[in-house]
Amino acid sequence: MVAPTAASTRPVPATAGVPARRTKLFALPEMHWAALALGLFLLGLAVQLAEGPHWIRWVLYLACYAAGGWEPGLAGLRALREKTLDVDLLMVVAAIGAAAIGQLTDGALLIVIFATSGALEALATARTEDSVRGLLDLAPETATRIDADGREQTIKAADVEVGDELVVRPGARIPADATVIGGASEVDQATITGEPLPVDKNAGDEVFAGTLNGTGALRLRVDRRAEDSVVARIANLVEEASRSKARTQLFIEKVEQRYSLGMVACTLAVFIVPLLLGDPLRRALLRAMTFMIVASPCAVVLATMPPLLAAIANAGRHGVLVKSAVVMEQLGALTRIAFDKTGTLTRGTPELAEIHSLDPRFGEDELLRLAAAAEHPSEHPLAAAIVRAAGARSLALPVVDEFTAHPGRGVSARVGDRFIGVGSPATLLTERTTSAVIDRLQGHGYTAVVITCENAPVGVLGISDQIRREAPAAVAAAHRVTGRVPVLLTGDNQATALRLAEQVGIADVRAELLPDDKVTAVRALQADGAKVAMVGDGINDAPALAAAHTGIAMGGAGSDLTLQTADAVVVRDDLTTIPTVIALSRQARRVVVANLSIAATFIGILVIWDLIGTLPLPLGVAGHEGSTVIVGLNGLRLLRATVWRRAARHG
């Protein structure tokens with residue numbers, strides 16, 4: 001164990017001290033236009049409700065059309081030039097058509113909805129890009145290089161060359177992937193491997209750019225240039241996985257082009273054919289507009305969106321943030337769940353698990369009291385675990401003298417009349433009895449800490465990460481809801497991973513994985529035909545979350561990049577909500593199918609009526625709006641709390 005000095009600070013998260021890149025809400029032009037359109041609509045609505053001058057209402061609504069509709073309209077025209085029909089263009093045309101037949105308010109509302117949706121999508125995209133770029137800020141801007149004559153020189157980290165010798169002082173970030181050639185320290189490398197505790201580093205060990213040095217000074221030999229470092233590769237992996245991830249769509253969007261083209265063609269035919277047969281222009285236009293209204297995909301879109309949005313709202317009330325309707329639909333198709341270990345199935349906080357006395361003079365409480373007293377001035381995570389365990393047993397800690405931290409080895413202090421040492425087994429005594437205990441603890445995945453008294457070993461502590469209480473139940477529920485055994489993907493060592501997997505009930509374990517290894521594992525599962533959800537919390541999980549069909553982040557301690565990359569966030573860190581939200585998604589999909597059947601029936605009846613008879617426009621609008629209301633209310637049933645409870649039972 002490596003412990004910091006009394007004056008050191010508690011290890012900080014891997015992203016601490018790095019200014020977060022975050023696009024502001026109104027930094028995007030799309031947000032400005034959407035806000036302007038909304039404001040104009042509300043003013044127009046206020047004038048209408050107050051029965052104000054007719055011309056003012058028209059001016060405000062038309063300005064709303066222009067503010068919110070010019071961008072999707074222009075994008076639609078560009079798509080039309082590429083021989084594709086964008087649904088945004090159809091909605092703008094439908095809004096203009098609604099205005100042409102006197103439904104000005106409805107058209108303006110449609111414009112506002114589409115403008116707001118586009119602005120939120122643009123904001124989400126910008127913030128995801130911010131997070132990827134911000135990842136590269138983990139690496140420091142400068143490095144301290146040692147010249148051939150032994151002098152130190154501060155240079156840009158980007159100028160570091162392979163083979164350069166660097167010095168990294170306590171508390172500083174490591175500027176490049178390198179090998180330790182001198183000194184000893186502990187390094188917090190959770191950003192890269194996901195390991196919950198700082199790792200002892202001595203000569204010959206590898207360190208990574210962007211990780212946080214502890215209390216000892218390190219001399220390093222650079223192994224890779226900045227653009228080839230592991231942290232740079234993580235950023236590249238996230239971008240590549242996001243680009244290569246197949247664009248998924250809602251069910252209705254999969255037939256969007258054919259339906260839209262068919263509707264436009266039929267509308268033109270309904271207008272032109274009667275006109276050629278001698279119908280008056282106004283009558284032909286009215287019939288065509290009626291056809292466009294009753295055949296428009298509004299009811300079908302609302303058949304899809306309200307159930308999914310209601311499910312999103314229900315999940316949000318219960319601690320799961322699902323970022324879009326597409327994601328909510330995807331969740332119901334999952335067939336395999338892969339879990340990260342540290343911070344996901346565990347809390348990432350060490351706790352004392354076992355105490356072994358090697359000397360009959362010292363019982364468990366006495367060993368813990370001495371170790372906690374010696375460690376009390378330190379703020380190392382393992383020291384904090386030992387002190388917490390002593391507090392839980394209500395042990396009084398004496399004041400210590402002569403406290404000394406030994407980077408890479410541990411701490412020592414005089415406790416009463418005894419000289420006590422607490423530290424790493426590798427740097428303390430290796431008597432046979434002690435080694436046997438240590439081997440057994442490490443074989444079970446514990447971190448072993450040796451206690452010495454007057455330089456003789458008197459006890460060994462076993463420290464482990466805390467498993468989330470709900471983890472076994474969540475894993476069992478994940479198995480039940482997907483029908484396949486979950487997978488554990490972790491950067492931690494094999495022994496620790498196997499021990500955790502046994503406790504939570506996972507049989508498929510893949511350990512000691514770097515971020516690109518996790519992406520490879522996810523893609524291997526996908527190659528076997530599985531629809532994979534990856535659940536994680538650290539920066540090292542972000543590429544795998546991006547590569548998976550659905551990425552789910554633990555929100556409590558999730559890194560900024562992970563939260564932005566993920567498709568859903570478990571805000572309250574309750575793992576049991578994951579199988580529940582999958583079951584909720586499947587229920588929402590069933591409601592969508594029912595709604596589509598209702599909407600298609602209404603559209604079919606109204607279209608046939610308009611084609612073979614004379615469908616009055618008010619009746620056509622009433623039928624169209626009536627179907628919209630029915631499917632909307634049916635979807636909103638998913639807002640009820642009983643729906644979540646039912647999904648929890650099924651999950």
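Treat the numbers as computed from the prediction; the structure is a model and nothing was measured.
- Put simply, the residue from D537, D574, V569 that forms a side chain to side chain contact (heavy atoms under 4.5 Å, CB included) with M554 is D537.
- The CG atom of L584 lies 9.5 Å from the CD1 atom of I312; values are rounded to the nearest 0.5 Å.
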Derivation of the side chain to side chain contact (heavy atoms under 4.5 Å, CB included) call for I578 and V570: CA-CA 8 Å; I578 294 173; V570 183; 3.8 Å; yes
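- Taken from CG in L275 to CG in L268, the straight-line distance is 12.0 Å, to the nearest 0.5 Å.
- If you take CG on N314 and CE on M328, they are separated by 8.5 Å, rounding to the nearest 0.5 Å.
- At a threshold of 4.5 Å between non-hydrogen side-chain atoms, the residues L334 and V481 do not count as touching.
- In this structure, the side chain of H549 does not engage the main chain of A533 through any donor-acceptor pair within 3.5 Å.
- Taking every heavy atom of both residues into account, C64 and A37 meet most closely at SG-O, 3.4 Å.
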Run the side chain to side chain contact (heavy atoms under 4.5 Å, CB included) test on L277 and V273 for me, step by step, so that the C-alpha distance in whole Å, both residues' side-chain angles and the decisive distance to 0.1 Å come before the verdict. CA-CA 6 Å; L277 294 176; V273 172; 4.0 Å; yes
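- Evaluated for a side chain to side chain contact (heavy atoms under 4.5 Å, CB included) with I552, the options L545, V581, L331, V320 yield exactly one hit, L331.
- Taking H479 as the reference, nothing meets the side chain to side chain donor-acceptor pair (under 3.5 Å) condition, with sequence neighbours excluded.
- For residues 37-53, the side chain to side chain donor-acceptor pair (under 3.5 Å) pairs, not counting sequence neighbours, are Q48-Y61, Q48-T105.
- Atom CD of Q526 and atom OG1 of T335 lie 9.5 Å apart (nearest 0.5 Å).
- Between A583 and A647 the shortest heavy-atom distance is CB-O, 3.5 Å.
- Residues A544 and V519 share a closest heavy-atom pair of N-CG2, 3.7 Å.
- For R57, there are no salt bridge (Lys or Arg N to Asp or Glu O under 4.0 Å) partners, not counting sequence neighbours.
- Screening residues 265-290 for ring-ring contact (aromatic ring centres under 6.0 Å, His included) gives no qualifying pairs among residues at least two apart or on separate chains.
- Between the side chain of R468 and the backbone N or O of G343, at least one donor-acceptor pair lies under 3.5 Å.
- Using a 4.0 Å cut-off between charged side-chain N and carboxylate O, D573 and R347 make no salt bridge.
- The shortest side-chain heavy-atom distance between L43 and V47 does not fall under the 4.5 Å cut-off.
- Under the side chain to side chain donor-acceptor pair (under 3.5 Å) criterion, R637 pairs with N634, sequence neighbours left out.
- At least one side-chain heavy atom of W70 sits under 4.5 Å from a side-chain heavy atom of W33.
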Given the rule in the side chain to side chain contact (heavy atoms under 4.5 Å, CB included) test, do L489 and F339 qualify, once you have shown the distances and angles that lead to the verdict? CA-CA 6 Å; L489 304 180; F339 289 98; over 6 Å; no
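- Nearest heavy atoms, A478 versus T482: O-OG1, 2.7 Å.
- Inter-residue side-chain proximity for V532 and I337 is flagged as unmet; no heavy-atom pair is nearer than 4.5 Å.
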Please report the C-alpha distance between T344 and L575 in whole Å, then the side-chain angles of each, then the deciding distance to 0.1 Å, and finally whether the side chain to side chain contact (heavy atoms under 4.5 Å, CB included) criterion is met. CA-CA 8 Å; T344 302; L575 286 170; 4.3 Å; yes
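- Remark: side-chain polar atoms of R589 are paired, donor with acceptor, to backbone N or O of E329 under 3.5 angstrom.
- Separating the CG atom in L638 from the CZ atom in R590 is a distance of 9.5 Å, to the nearest 0.5 Å.
- Classification of D340 and K518 as a salt-bridged pair holds, one side-chain N sitting under 4.0 Å from a carboxylate O.
- For the atom pair D541 CG and M534 CE, the distance stands at 4.5 Å (nearest 0.5 Å).
- In terms of modelled atom types and a separation under 3.5 Å, the side chain of T601 and the main chain of S597 share a donor-acceptor contact.
- Checked against side chain to side chain donor-acceptor pair (under 3.5 Å), T267 has no partners two or more places apart in sequence or in another chain.
- For the pair Q330 and K531, the minimum side-chain heavy-atom distance is 4.5 Å or more.
- Across A474 and P579, no two heavy atoms sit closer than the pair O-CG, 4.2 Å.
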